[in-house]
> 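Below you will find the structure I want to go over with you.
We use all heavy atoms of the structure for the numbers below, so side chains are in, but hydrogens, waters and symmetry mates are not. Both ligands and their constituent atoms are indexed starting at 1 by order of listing.
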Amino acid sequence: MKKGLKAFSLIMAALLTLTMGAALAEDTLTMGTNAEFPPFEFVDGDAVVGVDAEIAAEIAKDLGLKLVIENMAFDSVIPALVSGQIDIGVAAMTVKPERLNSVDFSNTYYNARQACIVRKDGKVTDEETLKGTAIGVQNGTTGDYAAEGYSETVERYGKALDAVLELAGGKLDAVIVDAPVAQNIIDALNNDNLILLDNIEFEDEFYAVAVAKGKPELVESINKTIDRITEDGTLDAILLKYFPVADDAE
Ligand code: GLN
């Protein structure tokens, strides 16, 4: 019995070393994200780029580590942190009380809200007409939770773009997704029939970097980087690079 226990703890210790080794391998900082969320993260050629990739590069630079990006489903990011597969989750992730049960968050770096995309010729025009309709979302996101408040028919997709394509094709009545991404997708599809409703008040949401629990030094270091890039203008420059300023903006 005793022997069995000892062997068990040895195996557990070996497994722990292995999993920690995977995430903390040689001078790298591994970021998990879902690169289907432009302009925060998207694939360009072979690379994952976007606002979050650049913020993570600043975090890695300050830590003296090389940034490695792992592309995964959005709802895999928190489990990957918990299992030690990745070091940081940077995925336009909103700080939510439920998520704080599993991971810690850095200070916040962006204020977003949800937005509701509909077809101009569709039946949804406001909060009232949204109720009970077929709403598309990205699985496990705050848009998913918001949609549940309006309808029992919530269709979940791996990427918001697929939901918007279904909306454009008439299979859905609305899509709820983070506002900056909603605008980005509408612009990219260049479809005049897709519009954002401006009469639904969604709550403020704040994005932060997620870290496995019990790593206060890492959170501290990330916070220092967020403070630095906020103060020295780097964050504004990153945002300007990825958010086109309208030609007619005054
Ligand atoms: N901000 C949303 C959330 O945290 C969506 C994030 C995403 O899909 N990458 O749930």
> Between Lys215 and Asp104 (salt bridge meaning N to carboxylate O under 4.0 Å), is one present in this structure?
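Here Lys215 does not pair with Asp104 in a salt bridge, since their nearest N and O are not under 4.0 Å apart.
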
> Extract all N/O-N/O pairs under 3.5 Å that connect ligand 1 to the protein, and present each with both atom names and the distance rounded to 0.1 Å.
unit_1	atom_1	unit_2	atom_2	d
ligand 1	1 (N)	Ala92	O	2.8
ligand 1	1 (N)	Thr94	OG1	2.8
ligand 1	1 (N)	Asp178	OD2	2.6
ligand 1	4 (O)	Thr94	N	2.8
ligand 1	4 (O)	Thr94	OG1	3.3
ligand 1	4 (O)	Arg99	NH1	2.7
ligand 1	8 (O)	Gln138	OE1	3.0
ligand 1	9 (N)	Ala91	O	2.9
ligand 1	10 (O)	Arg99	NH1	3.4
ligand 1	10 (O)	Arg99	NH2	2.9
ligand 1	10 (O)	Thr142	N	2.8
ligand 1	10 (O)	Thr142	OG1	3.4

> Pair up each side-chain donor or acceptor in residues 170-181 with any protein partner under 3.5 Å, not counting sequence neighbours, and list the distances.
unit_1	atom_1	unit_2	atom_2	d
Asp173	OD2	Ala134	N	2.9
Asp178	OD1	Gln114	NE2	3.0
Asp178	OD2	Tyr207	OH	2.5

> Please list, one pair per line, the donor and acceptor atoms closer than 3.5 Å that link side chains of residues 41-48 to other protein atoms, with sequence neighbours excluded.
unit_1	atom_1	unit_2	atom_2	d
Glu41	OE1	Thr33	OG1	3.3
Glu41	OE2	Ala92	N	3.4

> Does Glu58 pair with Arg228 as a salt bridge, N-O distance under 4.0 Å?
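Yes.
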
> Closer than 4.0 angstrom, basic N to acidic O: yes or no for Arg156 and Glu148?
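Salt bridge between Arg156 and Glu148, a charged N being under 4.0 Å from a carboxylate O: yes.
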
> Which donor-acceptor pairs under 3.5 Å do the side chains of residues 123-131 make with protein atoms, sequence neighbours left out?
unit_1	atom_1	unit_2	atom_2	d
Thr125	OG1	Thr129	OG1	3.3
Asp126	OD1	Glu128	N	3.2
Asp126	OD1	Thr129	N	2.9
Asp126	OD1	Thr129	OG1	2.7
Glu127	OE2	Tyr150	OH	2.5
Glu128	OE1	Lys131	NZ	3.1
Thr129	OG1	Thr125	N	2.8
Thr129	OG1	Asp126	N	3.0
Thr129	OG1	Asp126	O	3.2

